[in-house]
Asker: 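Sharing a structure with you now.
The sequence lines fix the lettering, A, B, ..., with proteins before strands; numbering per chain opens at 1. A quick note: this is a predicted structure, and the numbers were derived from the prediction, not measured.
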Amino acid sequence: AQSVTQPDIHITVSEGASLELRCNYSYGATPYLFWYVQSPGQGLQLLLKYFSGDTLVQGIKGFEAEFKRSQSSFNLRKPSVHWSDAAEYFCAVGAGAGNNRKLIWGLGTSLAVNP
Amino acid sequence: DTAVSQTPKYLVTQMGNDKSIKCEQNLGHDTMYWYKQDSKKFLKIMFSYNNKELIINETVPNRFSPKSPDKAHLNLHINSLELGDSAVYFCASSQVSAGNTEAFFGQGTRLTVV
């Protein structure tokens, strides 16, 4: 069955430090992969996505993610975290076919940023 | 110019009441979704509609009834509200005919049942 695992429920980093959020997926075909961010009290905003091509994708707010098929991973990275990056981060994989398409979600990683 | 808009943003109501949440998207997408996010932030898909047709209907109590008057609108009506219905409900839309599951989300409706 299709699934997404985010192993880290909660991560705390210092402002200016680098960040990596892990995401592993289980999907039979070539996956469509997404990272979304949810700031407190807000909806979900797309950070970046991978459909095909270059396995290193750039997103908004200085984030990037690398698709590694051999590891079934799509980890999110940022070289220098800002206090405003404190939020909930969700990894998702596109599943289904035809009109029955949907996103399969990880449980999220909560990021706290220390000043 | 909000792409996906939901109303109301907050809803506080008593157990047993019936309430509705409305959603509209101006992106021209063919598919709309309702998600429930619980207190642990877990996102659970409830329904999807494609061009007004119900496609996905996950295991949701039949007290929840979605209605899509046209492909730009998807409303959620909840009968006989229970304490466990308290959550944030998100509407989203996608253009799945393009093979695209990228979802655009509304700001959410925080439902509190007391």
Asker: Has A/L56 got more than 12 heavy atoms of other residues, nucleotides or ligands less than 6.0 Å from its CG?
Answerer: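 Enclosed.
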Asker: What I'd like to find out is whether the side chain of B/F105 reaches to under 4.5 Å of the side chain of A/L46, using heavy atoms alone.
Answerer: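 Answer no - side chains too far apart.
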Asker: Using heavy atoms and a sub-4.5 Å threshold, report which of residues 83-92 of chain B line up against chain A, by residue number.
Answerer: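 Within residues 83-92 of chain B, the residues that come under 4.5 Å of chain A (heavy atoms only) are B/F90.
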Asker: Going only through I, L, V, M, F, W and Y residues with side-chain contacts under 4.5 Å, is there a path from B/F64 to B/M32?
Answerer: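 Same cluster: B/F64 reaches B/M32 through Ile, Leu, Val, Met, Phe, Trp or Tyr contacts under 4.5 Å.
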Asker: Membership question, hydrophobic clusters at under 4.5 Å side-chain separation (ILVMFWY): are A/W35 and A/Y27 in the same one?
Answerer: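 Yes; A/W35 is reachable from A/Y27 via cluster members.
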Asker: Quick one: do B/I78 and B/M15 end up in the same hydrophobic cluster if we chain Ile, Leu, Val, Met, Phe, Trp and Tyr together by side-chain heavy atoms under 4.5 Å apart?
Answerer: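 The answer is yes; both residues are in one hydrophobic cluster.
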Asker: Please say yes or no: joined through hydrophobic side-chain contacts below 4.5 Å, possibly via intermediate residues, are A/L21 and A/F34 part of one cluster?
Answerer: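 As far as the 4.5 Å side-chain criterion goes, A/F34 and A/L21 are not connected within one cluster.
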Asker: May I ask you to decide if B/A103's main-chain N or O and A/Y36's side chain share a donor-acceptor pair within less than 3.5 Å?
Answerer: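 Here the side-chain-to-backbone pair exists.
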Asker: Are there residues of residues 43-58 of chain B whose heavy atoms fall under 4.5 Å of chain A's heavy atoms? If so, which?
Answerer: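 So the qualifying residues are B/L43, B/I45, B/N50, B/I55, B/I56, B/E58.
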Asker: A/F90 and B/K41: side chain to side chain contact (heavy atoms under 4.5 Å, CB included), yes or no, with the steps?
Answerer: CA-CA 10 Å; A/F90 293 94; B/K41 303 288 188 180; 4.1 Å; yes
Asker: So which residue, A/E88, A/K49, A/Q45, A/Q38, ends up with the most heavy-atom pairs under 4.5 Å with chain B?
Answerer: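 The option with the most such pairs is A/Q38.
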Asker: With a 4.5 angstrom heavy-atom cut-off, which part of A/A92 approaches chain B: side chain, backbone, both or neither?
Answerer: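 Contact with chain B is absent: no heavy atom of A/A92 under 4.5 Å.
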Asker: Nearest 0.5 Å please: distance from the CD atom of B/E102 over to the OH atom of A/Y32.
Answerer: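 Between atom CD of B/E102 and atom OH of A/Y32 there are 12.0 Å.
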Asker: Is A/V37 reachable from B/Y35 through a run of I, L, V, M, F, W or Y residues, each pair having side-chain heavy atoms under 4.5 Å apart?
Answerer: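 Each belongs to a different hydrophobic cluster.
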Asker: Measure the shortest side-chain to side-chain distance between A/W105 and B/Q37 over non-hydrogen atoms and say whether it is less than 4.5 angstrom.
Answerer: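 No, side chains not in contact.
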Asker: How long is the gap from CG on A/L103 to OH on B/Y33, to the nearest 0.5 Å?
Answerer: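 With rounding to 0.5 Å, CG (A/L103) is 6.5 Å from OH (B/Y33).
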